[in-house]
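Worth knowing before you read on, the calculation uses all heavy atoms, side chains too, and leaves out hydrogens, waters and symmetry mates. Proteins get letters first, then strands, A, B, ... in listed order; numbering begins at 1 in each.
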Number of protein chains: 2
Amino acid sequence: MEDDIFKALADPTRRALFAKLATGARNATALREGMGISQPAVSQHIAVLRGAGLIREERAGRFVNYSVDPRGIEAIGRWFARYRAFWPDRIDDLRKLLGEMDQ
Amino acid sequence: MEDDIFKALADPTRRALFAKLATGARNATALREGMGISQPAVSQHIAVLRGAGLIREERAGRFVNYSVDPRGIEAIGRWFARYRAFWPDRIDDLRKLLGEMDQ
DNA sequence: GAATCACATAAGTCAATGCTTATCTGATCG
DNA sequence: CGATCAGATAAGCATTGACTTATGTGATTC
């Protein structure tokens, strides 16, 4: 599954779609706006992101609503945690961010 | 550069090489051990990882020593930070980890 | 129930990629 | 200086992958 995640994120268009979903859930048509690709292309990208556990879907009548799937984020976080030791300069920044979250 | 990073990490062999380097710097020959691919393949993978800023090299006579480049880790961290909000369950774990680091 | 809308699937095309063998470069050592 | 070793580059091949147009499916609306 880690493999699916990184393969999914390797494509810039898919990262853009994912980033857009992170600003708020929406359906495929709304997701397509300003992307400059065909509807099937969006549908295929969605299938890849979904297969990687990065996004999830919820049927809403004729529409399908897509949103970021926390399980994917969690998987990336687990992978990244293995290398955080190489990132000493930012530990303080992160600590500060977590501190701010308490308020 | 974000694009180079994700493209580099999309390949499982490259992730394996990167993970191996994260356990300690080593030269290309040592890095190749147990990978089941040719020497040129390793060399090509190294070039991709290096181009993405994920690893760095240091000439040591006839050998070249490769190690994890913190700049790459930092770039991933910056990208990941944008989505950490979707990962609420793990914030406490992370906070605990950072707390342990103080000791 | 026919038309339409949201989305998925099929099929084909073209570029990118990961691998191989063969060869080159540059440093070490007899 | 000739042989050898570490690693990079060249060239070719097979596979994958992102896109397109065309069509299918299932829900909505008149």
Side-chain angles (χ1 to χ4, degrees), chain A residues 1-69 72, chain B residues 1-69 72:
Chain A
M1 181 182 207
E2 182 181 286
D3 196 60
D4 293 326
I5 287 180
F6 280 108
K7 281 211 164 66
L9 293 175
D11 182 72
T13 303
R14 263 191 309 263
R15 279 201 311 282
L17 292 172
F18 182 69
K20 199 167 181 178
L21 274 189
T23 70
R26 63 198 83 200
N27 61 48
T29 304
L31 196 53
R32 187 187 169 198
E33 276 170 25
M35 285 294 161
I37 52 175
S38 66
Q39 174 267 315
V42 174
S43 189
Q44 288 157 15
H45 282 311
I46 284 174
V48 173
L49 289 168
R50 210 177 99 73
L54 285 166
I55 67 175
R56 59 189 171 187
E57 64 182 47
E58 190 189 351
R59 284 243 117 169
R62 188 159 53 166
F63 300 82
V64 180
N65 230 271
Y66 300 99
S67 57
V68 169
D69 191 335
Chain B
M1 180 182 205
E2 182 180 288
D3 196 60
D4 293 326
I5 288 181
F6 280 107
K7 281 209 163 68
L9 293 175
D11 182 73
T13 302
R14 264 191 309 262
R15 279 202 310 282
L17 293 173
F18 182 69
K20 198 167 181 178
L21 275 189
T23 70
R26 63 199 80 197
N27 61 49
T29 304
L31 196 53
R32 186 187 170 197
E33 277 170 24
M35 285 295 161
I37 53 174
S38 66
Q39 174 268 314
V42 174
S43 189
Q44 288 157 16
H45 281 311
I46 284 174
V48 173
L49 288 168
R50 210 177 100 73
L54 284 166
I55 67 175
R56 58 189 173 190
E57 65 184 45
E58 190 187 352
R59 284 243 118 171
R62 190 158 52 165
F63 299 82
V64 179
N65 229 271
Y66 300 99
S67 57
V68 169
D69 191 332

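- Comparing A:Val42 and B:Lys7, the nucleotide of DNA chain C nearest to each residue sits closer to the 5' end for A:Val42.
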Can you name the atoms? Protein N/O to nucleotides 23-29 of chain C N/O, anything below 3.5 Å, with the distance.
none

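- At the heavy-atom level, A:Arg14 lies under 4.0 Å from the strands shown only through sugar-phosphate atoms.
- Between B:Glu33 and B:Arg26, none of the side-chain N atoms (NZ, or NE/NH1/NH2) sits under 4.0 Å from a carboxylate O, so this pair counts as no salt bridge.
- Not one side-chain nitrogen or oxygen of B:Ser38 sits closer than 4.0 Å to the OP1 or OP2 atom of C:dC19.
- A:Glu33 has its CD atom 14 Å from the C1' atom of C:dA6, to the nearest Å.
- The shortest distance between side-chain heavy atoms of A:Leu9 and A:Arg14 does not fall below 4.5 Å.
- Atom pair A:Phe63:CZ and C:dA8:P shows a separation of 13 Å (rounding to whole Å applied).
- Between A:Asp3 and B:Arg15 the shortest side-chain heavy-atom distance falls below 4.5 Å.
- For the pair A:Arg32 CZ and C:dC5 P, the interatomic distance rounds to 14 Å; values are reported in whole Å.
- Between A:Gln44 and B:Tyr66, the residue anchored closer to the 5' end of DNA chain D is B:Tyr66, taking for each the nucleotide with the nearest heavy atom.
- Remark: B:Glu2 CD is packed, more than 12 non-hydrogen atoms of other residues, nucleotides or ligands lying under 6.0 Å away.
- Rounded to whole Å, atom P of C:dA6 lies 8 Å from atom CG of A:Asn27.
- Taking a heavy-atom distance under 4.0 Å as the criterion, the stretch of DNA chain D touched by chain A extends 5' to 3' from D:dG17 to D:dT28.
- In this structure, CG in A:Leu54 is found 11.5 Å from CG in A:Leu17, a value given to the nearest 0.5 Å.
- With rounding to whole Å, B:Leu49 atom CG is found 14 Å from C:dT17 atom C1'.
- Residue A:Ser43 places its side chain closer to C:dC7 than to any other of C:dC19, C:dT17, C:dC7.
- In this entry the distance linking CG of B:Asp4 with P of C:dA16 reads 14 Å, nearest Å.
- Contact check for B:Ile37 versus B:His45: side-chain heavy atoms found under the 4.5 Å cut-off.
- Within 4.0 Å (heavy atoms only), B:Ala28 reaches sugar-phosphate atoms of the nucleic acid but no base atom.
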